[in-house]
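Heads up, the thing below is written out as structure tokens.
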Amino acid sequence: MKNHLAALISGILFGFGLGLSQMIDRDRVLGFLDVAGAWDPTLLFVLGGAVGVTLIAFRFVLKRSRPLFADKFYLPTKRELDLPLVVGAAIFGIGWGISGYCPGPAIAALVLGIWNPVLFLIGMIVGSLAQKWTVAQSQTGQKTELR
């Protein structure tokens, strides 16, 4: 119960921060991503603030033996760049550039009551399932049903 409450509070704080910083405004995000056009650099402060807080906070957090509400830290162990990572990052960036949303802001934008984030999330889920199905097909060489 304590873990779920911590996740809920963290999610609410994250969503509130995304809304406050206007990261859920797709026009603002698209203006930020349009570096060759009418570039809006204001989201640099949001990104810089997030990186700054992370750099400082992780120095203290990672000195702990474990997180407050979990048995261990779940940190990435893979260090090399490979083709699936590069292709996935490119597809993610293209989707972000087309829609103006990435997953966190899209979920937070659901409170706006508009269809764009809903359509984005449906597309994200379908794309994730398609990738999962493709990997399963390539690993087994057999037809695998979507779960």
Side-chain angles (χ1 to χ4, degrees), residues 1-136 138-139 146-147:
M1 183 64 182
K2 189 170 56 173
N3 294 352
H4 296 306
L5 185 61
L8 178 64
I9 292 170
S10 298
I12 290 170
L13 280 173
F14 184 65
F16 183 76
L18 290 172
L20 185 64
S21 65
Q22 300 180 3
M23 287 287 293
I24 63 173
D25 180 351
R26 66 183 295 263
D27 292 334
R28 180 169 290 272
V29 172
L30 289 174
F32 174 71
L33 296 174
D34 187 13
V35 292
W39 186 49
D40 176 6
T42 55
L43 291 183
L44 274 177
F45 293 104
V46 177
L47 297 174
V51 169
V53 168
T54 299
L55 286 174
I56 294 169
F58 268 41
R59 297 180 73 106
F60 297 105
V61 169
L62 295 178
K63 287 182 179 177
R64 300 178 52 88
S65 61
R66 64 181 192 83
L68 290 176
F69 302 110
D71 294 332
K72 67 176 188 173
F73 287 105
Y74 294 93
L75 300 172
T77 56
K78 187 176 171 182
R79 299 273 182 209
E80 68 275 359
L81 296 176
D82 58 10
L83 186 60
L85 177 67
V86 172
V87 171
I91 293 171
F92 179 87
I94 291 168
W96 192 16
I98 291 172
S99 68
Y101 293 112
C102 63
I107 292 170
L110 291 175
V111 300
L112 298 176
I114 56 177
W115 278 102
N116 286 339
V118 174
L119 296 174
F120 171 84
L121 289 170
I122 290 170
M124 183 182 75
I125 291 168
V126 170
S128 296
L129 292 174
Q131 188 277 339
K132 183 178 178 180
W133 183 80
T134 303
V135 169
S138 67
Q139 288 178 344
L146 293 176
R147 291 183 207 179

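For clarity, every value in this text was computed on a predicted model and none was experimentally measured. Start at 1 with the first residue, then count along the sequence.
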In Å, rounded to the nearest 0.5 Å, how long is the span from [atom1] of [X] to [atom2] of [Y]?
X    : Y   : atom1 : atom2 : answer
L8   : I12 : CG    : CD1   : 4.0 Å
Y101 : D25 : OH    : CG    : 8.0 Å
Q22  : D27 : CD    : CG    : 11.0 Å
L33  : I98 : CG    : CD1   : 11.5 Å
I107 : F14 : CD1   : CZ    : 9.0 Å
M1   : N3  : CE    : CG    : 10.5 Å

What's the shortest heavy-atom distance between [X] and [Y], and which atoms?
X    : Y    : answer
S21  : V46  : CB-CG2, 3.5 Å
M23  : P105 : O-CB, 3.4 Å
F92  : P103 : CE1-CD, 3.6 Å
L18  : A108 : CD1-CB, 4.2 Å
A6   : F69  : CB-CD1, 3.4 Å
F120 : A106 : CD2-CB, 3.3 Å

_Suppose the criterion is salt bridge (charged side-chain N to carboxylate O under 4.0 Å, His left out): which pairs have a residue in residues 99-113, not counting sequence neighbours?_
none
*Only pairs at least two apart or in different chains count here, so list each salt bridge (charged side-chain N to carboxylate O under 4.0 Å, His left out) that has a residue in residues 32-49.*
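Residue pairs passing salt bridge (charged side-chain N to carboxylate O under 4.0 Å, His left out), neighbours aside: R28-D40.
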*asked:* Tell me every residue that passes salt bridge (charged side-chain N to carboxylate O under 4.0 Å, His left out) with K72, counting only those two or more places apart in sequence or in another chain.
replied: none
Could you pull out all residues at least two apart from [X] that satisfy side-chain contact (heavy atoms from CB on, under 4.5 Å)?
X   : value
L85 : L81, D82
V87 : L83, I91
L75 : L62, F73

*Go through the steps to decide whether K132 and V135 satisfy the test side-chain contact (heavy atoms from CB on, under 4.5 Å), and finish with yes or no.*
CA-CA 5 Å; K132 183 178 178 180; V135 169; over 6 Å; no
*Around atom CZ of R59, are there more than 12 heavy atoms of other residues, nucleotides or ligands at under 6.0 Å?*
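Open: at most 12 neighbouring heavy atoms sit under 6.0 Å from CZ of R59.
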